[in-house]
Novice: 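Here it is: the structure, laid out below.
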Amino acid sequence: MASMPTFSAYDGTELAYRALGEGPPLVCLPGGAMRASRYLGDLGGLAAGRTLILLDLRGTGDSAVPADESTYRADHQVADVEALRAHLGLERMDLLAHSAAGNLALLYAAAHPQRLGRTVLVTPTAWVLDLASTAEHRLAAARLRAGTEPYDTALEAYGRILGGADTDEDWDRAAPLFYGRWDGTAQAHYAAGEHEQNEKAAAAFVGPGACDPPATRAALRRLTGEVLVLAGELDGNPPPGLAERIAAALPAGLLDVQPAAAHFPWLDDPARFAGRVERFLTTGA
């Protein structure tokens with residue numbers, strides 16, 4: 001049974017995390033942006049050899065809402081990650097971040113490079129490096145599925161979303177594009193997301209002032225720990241080509257593209273995902 005310890009952030013906000021599994025600790029930052037960490041599950045069985053420290057970011061899951069909601073900005077949350085490291089008593093930590101949390105992990109690495117061992121960025125966004133997926137990237141990835149249902153309907157809906165017609169109905173229709181297989185597991189995972197995200201916090205996550213790409217890139221030159229950027233072959237956010245550029249922006253960046261995977265690769269092929277991440281954490285390769 002997963003425990004739910006808490007600790008105090010720099011401003012007194014009580015933050016919660018789950019400790020799941022056995023083995024060396026791996027701190028895990030959820031994406032969304034600002035989605036409760038439970039959607040990560042056990043990361044495809046990665047908890048078999050690691051103790052996953054699954055942080056609920058401020059205002060999500062079991063963590064408290066901060067008194068100052070401007071602290072939802074990603075650059076402010078770097079201090080939350082550092083407070084968690086200190087709370088855990090880790091001199092250096094291995095870190096995994098998914099999707100939008102890639103920005104938080106990169107900002108943390110820029111601010112505290114000496115505190116990181118190995119870092120895994122799973123289908124990361126990298127607005128803080130000025131490496132954002134475009135509508136063309138996303139549509140090109142979606143078109144890889146064209147020719148069968150439910151993907152043709154999903155592609156039409158996604159085109160409308162990227163064109164500015166953002167409706168809940170179209171997001172529901174587009175959902176199969178975000179998973180390698182649109183099976184019962186994927187459908188349940190998608191449905192749970194409606195209740196797991198703090199939309200106000202998500203809107204503030206990379207708000208004005210959060211990103212200074214030249215400064216972040218310069219600071220990341222001090223990062224000596226290896227970084228695995230794990231992309232999905234079918235993902236458009238980021239597509240593999242953009243993921244390669246994210247890896248190249250890091251001194252010891254390494255790209256791996258998981259076949260037939262989309263934005264949640266631990267669901268698409270759990271054994272492949274967990275095995276690849278464990279090998280990297282163990283060997284750096």
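Quick caveat: nothing in here was measured; it's all calculated off a predicted structure.
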Novice: Check whether Ser8 reaches the backbone of Glu14 with its side chain - one donor and one acceptor, N or O, closer than 3.5 Å.
Specialist: no

Novice: Is there a donor-acceptor pair under 3.5 Å between the side chain of Asp94 and the backbone N or O of Arg118?
Specialist: yes

Novice: Does the side-chain contact (heavy atoms from CB on, under 4.5 Å) test come out yes or no for Thr60 and Arg35, once each step is laid out?
Specialist: CA-CA 6 Å; Thr60 72; Arg35 184 171 175 179; over 6 Å; no

Novice: Assess whether atom CD of Glu22 is packed by more than 12 heavy atoms of other residues, nucleotides or ligands within 6.0 Å.
Specialist: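 Incorrect, the count does not exceed 12.
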
Novice: Are more than 12 heavy atoms from other residues, nucleotides or ligands located less than 6.0 Å from atom CD of Glu199?
Specialist: no

Novice: Looking at side-chain heavy atoms only, is the closest gap between Thr123 and Phe264 below 4.5 Å?
Specialist: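 Not touching, per the 4.5 Å side-chain cut-off.
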
Novice: So which of Leu46, Leu55, Leu43 actually passes side-chain contact (heavy atoms from CB on, under 4.5 Å) with Cys28?
Specialist: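 So, applying the side-chain contact (heavy atoms from CB on, under 4.5 Å) to Cys28 and each of Leu46, Leu55, Leu43, only Leu43 qualifies.
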
Novice: Hey, could you give me the SG/CZ distance between Cys211 and Phe205, rounded to the nearest 0.5 Å?
Specialist: 9.0 Å

Novice: Consider only side-chain heavy atoms of I, L, V, M, F, W and Y, link residues closer than 4.5 Å, and tell whether Leu139 and Ile161 are in one cluster.
Specialist: yes

Novice: So, the side chain of Gln258 versus the backbone of Pro265: is there a donor-acceptor pair under 3.5 Å, distance only?
Specialist: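 Such a contact is found between Gln258 side chain and Pro265 backbone.
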
Novice: If you compare all heavy atoms of Ser37 against all heavy atoms of Asp56, which two are closest, and at what distance to 0.1 Å?
Specialist: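 Shortest heavy-atom separation between Ser37 and Asp56 comes out as OG-OD1, 2.7 Å.
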
Novice: Can the ring centroids of Phe178 and Tyr190 be said to lie less than 6.0 angstrom from one another?
Specialist: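 Centroid distance Phe178-Tyr190: not below 6.0 Å, so no.
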
Novice: Within a strict 4.5 Å, meaning less than it, do heavy atoms of the Val122 and Phe273 side chains meet?
Specialist: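 Val122 reaches Phe273 side chain to side chain.
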
Novice: To the nearest 0.5 Å, how far apart are NE2 in His195 and CZ in Arg38?
Specialist: 10.5 Å

Novice: Taking the side chain as everything from C-beta on, heavy atoms only, tell me whether Tyr17 gets closer than 4.5 Å to His87.
Specialist: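 Tyr17 vs His87: side chains touch.
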
Novice: Supply the atom-to-atom distance Leu250 CG to Glu226 CD, rounded to the nearest 0.5 angstrom.
Specialist: 12.0 Å

Novice: Show the nearest heavy-atom pair for residues Thr125 and Ala100, with the distance to one decimal.
Specialist: OG1-CA, 3.1 Å

Novice: Are side-chain heavy atoms of Arg145 and Leu155 found at a separation under 4.5 Å?
Specialist: no

Novice: Measure across Ala243 and Leu255 and return the closest heavy-atom pair with its distance rounded to 0.1 Å.
Specialist: CB-CD1, 3.7 Å

Novice: Measure the CG-CG distance between Leu54 and Leu26 for me, rounded to the nearest 0.5 Å.
Specialist: 8.5 Å

Novice: Does Leu15 offer a backbone N or O that forms a donor-acceptor pair with the side chain of Arg58 under 3.5 Å?
Specialist: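 Not confirmed, Arg58 side chain does not pair with Leu15 backbone.
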
Novice: On a heavy-atom basis, which atom in Ala101 and which in Pro30 lie closest, and how many Å separate them?
Specialist: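 The pair with the smallest heavy-atom distance is CB-O, 3.2 Å.
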
Novice: Is there a side-chain contact between Met93 and Arg115, using heavy atoms and a 4.5 Å cut-off?
Specialist: no

Novice: State plainly whether the residues Asp268 and Arg181 are in salt-bridge range, i.e. N to O under 4.0 Å.
Specialist: no

Novice: Quick one: does Ser63's side chain have a donor or acceptor within less than 3.5 Å of a partner on Gly59's backbone?
Specialist: no

Novice: Taking Glu169's backbone N and O only, do any of them form a donor-acceptor pair with Asp172's side chain (distance below 3.5 Å, no angle check)?
Specialist: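 Absent.
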
Novice: Which atom names give the shortest non-hydrogen contact between Ile53 and Pro25, and what distance separates them?
Specialist: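 Minimum heavy-atom contact is CG1-CB, 4.4 Å.
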
Novice: Between CG of Leu96 and CG of Leu121, what distance do you get to the nearest 0.5 Å?
Specialist: 8.0 Å

Novice: What pair of heavy atoms forms the shortest contact from Pro124 to Leu230, and how long is it?
Specialist: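 Closest pair (atom of Pro124, atom of Leu230, distance): CD-O, 4.2 Å.
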
Novice: Tell me if the CZ atom of Arg217 is crowded by more than 12 foreign heavy atoms within 6.0 Å.
Specialist: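 More than 12 heavy atoms, drawn from other residues, nucleotides or ligands, come within 6.0 Å of this atom.
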
Novice: What orientation do Trp182 and Tyr179 show, parallel under 30°, tilted 30 to 60°, or perpendicular over 60°?
Specialist: tilted

Novice: Do the ring planes of His98 and His263 sit parallel (below 30°), tilted (30 to 60°) or perpendicular (above 60°)?
Specialist: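 Correct class here is tilted.
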
Novice: Check the pair Val120 / Leu95 against side-chain contact (heavy atoms from CB on, under 4.5 Å), numbers first and verdict last.
Specialist: CA-CA 6 Å; Val120 182; Leu95 184 67; over 6 Å; no

Novice: Take Trp266 and Leu40 through the test side-chain contact (heavy atoms from CB on, under 4.5 Å) and record every step on the way to the result.
Specialist: CA-CA 8 Å; Trp266 65 92; Leu40 295 171; 3.7 Å; yes

Novice: Under the 3.5 angstrom rule, does the side chain of Gln197 hit a backbone N or O of Ala33 as a donor-acceptor pair?
Specialist: yes

Novice: Less than 4.0 angstrom from a charged side-chain N to a carboxylate O is my criterion; do Glu91 and Arg85 meet it?
Specialist: no

Novice: Is the side chain of Asp80 donor-acceptor paired with the backbone N or O of Ala9 at a distance under 3.5 Å, no angle test?
Specialist: no

Novice: Do Leu104 and Leu57 pass the side-chain contact (heavy atoms from CB on, under 4.5 Å) test, and can you show the C-alpha distance, the side-chain angles, and the key distance before you say yes or no?
Specialist: CA-CA 11 Å; Leu104 178 53; Leu57 303 179; 4.0 Å; yes

Novice: Any non-hydrogen side-chain atom of Tyr158 less than 4.5 Å from a side-chain atom of Arg173?
Specialist: no

Novice: Go through Arg143 and Asp152 one step at a time and tell me if the salt bridge (charged side-chain N to carboxylate O under 4.0 Å, His left out) criterion holds.
Specialist: CA-CA 9 Å; Arg143 291 186 185 113; Asp152 285 342; over 6 Å; no

Novice: Could you verify whether a donor N or O on one side chain and an acceptor N or O on the other, from Tyr72 and Gln77, lie under 3.5 Å apart?
Specialist: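 No.
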
Novice: Under the 3.5 angstrom rule, does the side chain of Arg138 hit a backbone N or O of Asn237 as a donor-acceptor pair?
Specialist: no

Novice: Between Thr283 (side chain only) and Phe280 (backbone N and O only), is there a donor and an acceptor less than 3.5 Å apart?
Specialist: no

Novice: Tell me whether Arg50 is salt-bridged to Asp42, with the criterion being a basic N under 4.0 Å from an acidic carboxylate O.
Specialist: no

Novice: CD1 of Ile246 to CG of Leu106: how many Å apart, nearest 0.5 Å?
Specialist: 7.5 Å

Novice: Any heavy-atom pair between the side chains of Val27 and Leu84 that's under 4.5 Å?
Specialist: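 With C-beta onward as the side chain, the pair touches.
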
Novice: Heavy-atom distance under 4.5 Å between the side chains of Leu129 and Leu220, does that happen here?
Specialist: yes

